[in-house]
Novice: 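Structure incoming, see below.
As the structure lists them, so they are numbered: ligands from 1, and atoms in each ligand from 1.
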Amino acid sequence: MSQPTSLTVAVVGATGVVGRTMVQVLGERGFPVGELRLLASGRSAGRTVQVGDRAIQIREAVGEAFDGVDIALFSAGADISRELAPQAAERGATVIDNSSAWRMEPGVPLVVSQVNPEDLEGHDGIVANPNCSTMQLAPVLMALRDAVGLERIVVDTYQSVSGTGADAIAELEGQILAHVAGEEKRASVYPHPIAFNALPEIDTFLENGYTKEEWKVVSESRKILHLPALRISCTAVRVPVFVSHSEAVHVETRDPVTPDQARRLFGAVKGVVVQDDPSMHHYPLAINAAGRDEIFVGRVRQDPSVRDGRGLALWVVSDNLRKGAATNAVEIAEALVERDWVRARTRRALVEAPA
Ligand SMILES: NC(=O)c1ccc[n+]([C@@H]2O[C@H](COP(=O)([O-])OP(=O)(O)OC[C@H]3O[C@@H](n4cnc5c(N)ncnc54)[C@H](OP(=O)(O)O)[C@@H]3O)[C@@H](O)[C@H]2O)c1
């Protein structure tokens with residue numbers, strides 16, 4: 001089947017931090033957008049946004065808004081995705097959903113572009129974009145899985161406030177200004193002040209004592225890496241950083257692996273950059289990763305607590321709004337176009353074998 005030269009693309013949550021980054025990344029990468037539909041809540045409907053030389057009016061995200069849409073990038077929270085993604089898919093759009101609503105649903109591919117793009121083949125109208133903390137971890141773990149096998153992983157995250165959205169960015173800014181002015185630091189997005197603090201609570205608590213965010217790293221990593229029994233644990237911490245998540249990762253491998261070998265393995269993964277020269281104070285940093293699409297890995301060293309040279313410790317940093325959300329979503333869209341899988345599998349089958 002020949003590829004359409006341009007696609008009708010909808011961005012749901014287009015006024016949000018991730019939605020705006022999605023629009024930007026679509027433009028930067030030259031994605032073949034014919035019509036661009038910007039959708040948000042009724043509160044924003046009617047506002048006009050300038051995208052390049054086009055002035056686009058924001059529309060309310062309702063079912064009819066997806067008529068004629070080829071690809072819908074959703075980033076307006078799990079409730080909206082649960083309600084509207086099936087309606088969009090029903091109307092023939094393929095949804096790439098950035099929320100947690102569909103990620104663990106059997107039959108919904110959960111895809112990191114350089115790890116498991118082939119999982120897209122069977123999609124039935126909804127594809128899930130992983131959680132930002134899982135996203136930056138998966139390509140690094142894939143390199144070790146393929147070369148030396150994975151036995152056990154312990155991840156501690158240091159996550160930026162932009163991962164919560166526009167309100168949290170404003171809250172951190174407000175608390176910094178309040179601190180400088182000697183005023184009280186008011187918290188409403190988070191349960192405690194985030195400025196000059198570290199909060200070991202991201203998303204809600206589960207009965208097992210973990211937060212949902214921590215459990216997303218566990219369950220999503222298993223699904224993406226096709227390792228359903230992978231032993232993995234996570235502590236997720238919100239820190240007063242505006243953009244980029246950092247992660248301290250401890251990996252126990254099946255076979256021995258040296259830091260040099262691991263650096264070579266990481267450097268060979270598309271989109272992964274090794275920054276590892278501690279003598280020059282050169283290692284991945286949140287402020288340097290912000291605005292970039294790559295995943296940065298450094299501080300690679302042997303973990304002496306694991307026998308036989310089968311343990312590694314490393315530091316992984318990436319922009320949560322770009323690779324952690326918007327860039328990977330657009331990369332999924334590109335993979336669908338490249339493979340001619342934009343339409344859901346059942347719709348493709350109808351075209352290939354008309355009744
Ligand atoms: N931030 C990240 O790093 C990150 C990473 C991965 C995934 N995500 C996920 O992406 C989603 C959005 O995150 P964000 O950081 O961009 O949040 P945000 O800045 O708070 O933006 C929320 C967006 O959702 C829209 N929205 C809210 N209620 C709506 C409704 N009833 N109908 C239609 N649209 C509605 C808002 O539109 P209005 O302006 O009209 O209210 C806005 O465009 C969340 O599911 C989040 O979990 C975020």
Novice: Would you say CD of E105 has more than 12 non-hydrogen atoms from neighbouring residues, nucleotides or ligands within 6.0 angstrom?
Specialist: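 Above 12, so yes.
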Novice: What's the verdict on ring pair (Phe, Tyr, Trp, His ring centres under 6.0 Å) for F266 and F296, showing C-alpha distance, side-chain angles and the deciding distance?
Specialist: CA-CA 9 Å; F266 299 147; F296 299 92; over 10 Å; no
Novice: Quick check on side chain to side chain contact (heavy atoms under 4.5 Å, CB included): which of E220, Q136, K323, M142 does V112 satisfy it with?
Specialist: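 In the set E220, Q136, K323, M142, the residue that makes a side chain to side chain contact (heavy atoms under 4.5 Å, CB included) with V112 is K323.
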Novice: For Y158, which fellow cluster members are found when Ile, Leu, Val, Met, Phe, Trp and Tyr are connected by side-chain heavy-atom distances below 4.5 angstrom, either directly or through intermediates?
Specialist: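 Besides Y158, the hydrophobic cluster comprises V237, V239, V241, W315, V317, listed by chain and residue number.
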Novice: Just to be sure I understand the cut-off, which residues have at least one non-hydrogen atom under 4.0 angstrom from an atom of ligand 1?
Specialist: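 Under the 4.0 Å cut-off, ligand 1 touches G13, A14, T15, G16, V17, V18, A40, S41, R43, S44, A61, S75, A76, G77, I80, N98, S99, C132, S162, G163, G165, A166, N320, L321, G324, A325.
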Novice: Is the number of heavy atoms from other residues, nucleotides or ligands within 6.0 Å of CD1 (I287) greater than 12?
Specialist: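 No - once you tally the heavy atoms of other residues, nucleotides and ligands closer than 6.0 Å, there are 12 at most.
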Novice: Quick one, L265 and R263 - any side-chain contact, counting heavy atoms below 4.5 Å?
Specialist: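 SC-SC contact between L265 and R263 ruled out.
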